[in-house]
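Notes follow the structure.
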Amino acid sequence: MNKTILVIDDSPFASQQIKDIVEEFGYEVIAYAKNGEEGIEKYKEYKPHFVILDIIMPGIDGLETAELILKEDPNAKIMMLSSLCDAGTLQEVKSIGLKYLIPKPVEEDVLMATLELLEKH
Amino acid sequence: MPTIKVESVNVHRIFDEVFTALTQKISSIELTKEEEVNFSEKTHLFIIKTKGSFQGKIYAEIEEGLMEQIVSKINKGRKMQDAEKILFTMEYLNIVCGRALSEINNQTGNRSRLTVPHYVTDKTSEEITDGESEMLFYQSTHGCLKVTVVYKIE
């Protein structure tokens with residue numbers, strides 16, 4: 001059975017790009033959400049193995065969304081994604097207990113290596 | 001060891017490097033920097049706001065031909081509705097401006113954030129706001145791009 005991924009990103013470009021990459025490696029994108037509120041609902045509904053979550057979105061941002069998902073499921077495996085990838089943003093990601101932030105545009109090797117790391121934790 | 005902060009940030013150079021390098025990387029389109037450009041076809045205007053220590057607005061005005069070519073390349077030639085083309089362009093600008101802002105944040109040691117890009121339907125209603133400003137003009141085989149960065153660093 002394929003490992004499943006929930007993609008939470010308001011950009012159809014990013015969502016398509018992630019799908020194109022991960023499905024080549026045997027993962028299944030089980031659901032998409034365009035904002036944090038929708039993402040939380042879909043997390044509860046689909047219980048994916050992994051979540052790939054954009055930081056900058058309309059409504060609640062990705063960091064707040066991640067905190068709410070972790071409150072629902074402290075074992076949720078979440079990878080953050082952003083066009084803003086400076087030291088301060090990484091620090092914010094770590095401050096909510098997450099380890100991984102990958103930059104946009106998404107690169108196949110970075111995404112897949114990070115998924116593997118996430119799987120091990 | 002104390003952090004060394006760069007007191008003056010070359011905003012023009014940062015945005016120029018990021019626009020040319022990332023446009024090439026994402027869409028294989030080469031942008032050539034010019035002193036000025038004259039738009040000869042319909043243009044689309046997008047605005048990205050920044051907040052935090054680098055506070056301002058980034059105005060990106062792009063000719064339709066160039067916009068269509070960028071989104072076609074990044075969507076691997078798949079057919080798109082006009083509304084989707086706008087969304088893809090917004091993501092392209094989010095990526096480029098986010099990278100520029102990351103570099104500014106890293107150099108200044110300060111924190112700034114982007115908002116979701118906004119597509120302007122009524123260009124006549126937009127006025128460039130006050131502040132320091134940098135203008136970048138680009139030509140390509142598919143059309144022109146003008147980027148105006150208006151900002152304050154606090």
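Each chain gets a letter, A, B and so on, in the order the sequences are listed, and its residues count up from 1.
In this structure, the portion of A:E92 lying under 4.5 Å from any heavy atom of chain B is its side chain and not its backbone. In this structure, no portion of B:I104 lies under 4.5 Å from any heavy atom of chain A. Residue contact with chain A, scored on non-hydrogen atoms closer than 4.5 Å, involves the backbone and the side chain of B:L114 alike. Only the side chain of B:R78 comes within contact range of chain A, with at least one heavy atom under 4.5 Å from a heavy atom of that chain.
Hydrophobic clustering (ILVMFWY, side-chain heavy atoms < 4.5 Å, transitive): B:I86 and B:F88 are in one cluster. A single hydrophobic cluster is not seen to contain both B:V37 and B:L66; linkage of ILVMFWY side chains at heavy-atom distances under 4.5 Å, directly or through other members, places them apart.
Within a 6.0 Å sphere centred on NZ of A:K47, heavy atoms belonging to other residues, nucleotides or ligands number more than 12. The environment of CD in A:E24 is sparse: at most 12 heavy-atom neighbours from other residues, nucleotides or ligands sit within 6.0 Å. Within 6.0 Å of the NZ atom in B:K85, the count of heavy atoms belonging to other residues, nucleotides or ligands exceeds 12. Around the NZ atom of A:K42, the shell of radius 6.0 Å holds more than 12 heavy atoms that belong to other residues, nucleotides or ligands. Crowding of B:N38 atom CG: a count of heavy atoms from other residues, nucleotides or ligands under 6.0 Å not exceeding 12. Counting heavy atoms of neighbouring residues, nucleotides and ligands inside a 6.0 Å radius, atom CD of B:E154 exceeds 12 of them. By the 6.0 Å contact criterion, CD on A:E37 is enclosed, its count of non-hydrogen atoms from other residues, nucleotides or ligands being greater than 12.
Judged by distance alone, the side chain of B:N106 and the main-chain N or O of A:A87 form a donor-acceptor pair under 3.5 Å.
To the nearest 0.5 Å, atoms CD1 (B:I95) and OG (A:S82) are separated by 10.0 Å. Taken to the nearest 0.5 Å, the OG1 atom of A:T89 stands 8.5 Å off from the CG atom of B:L101. Separation of atoms CG (B:N94) and CG (A:D54) is listed at 7.0 Å; rounding is to 0.5 Å. Residue B:Y92 holds its OH atom at 15.0 Å from NZ of A:K104, rounded to the nearest 0.5 Å. Atoms CD1 and CZ, on B:I74 and A:F13 in that order, are 4.5 Å from each other to the nearest 0.5 Å. Expressed to the nearest 0.5 Å, how far OG1 of B:T115 lies from CE of A:M57 amounts to 14.5 Å.
Closest heavy-atom contact between A:D86 and B:S102: CB-O, 3.6 Å. The shortest non-hydrogen separation linking B:E91 to A:A14 is OE2-CB, 3.9 Å.
For the pair B:R99/A:L84, no side-chain contact is recorded, criterion being any heavy-atom separation below 4.5 Å from C-beta on. Annotation: side chain of B:K76 is not in contact with side chain of A:Q17 (no heavy-atom distance under 4.5 Å).
Cluster partners of A:I52 are A:I5, A:V7, A:I18, A:I21, A:V22, A:F25, A:Y27, A:V29, A:Y32, A:F50, A:M79, A:L81, A:Y100, A:I102, A:V106, A:V110, A:L111, A:M112, A:L115, A:L117, A:L118, counting Ile, Leu, Val, Met, Phe, Trp and Tyr whose side-chain heavy atoms approach within less than 4.5 Å, directly or via other members.
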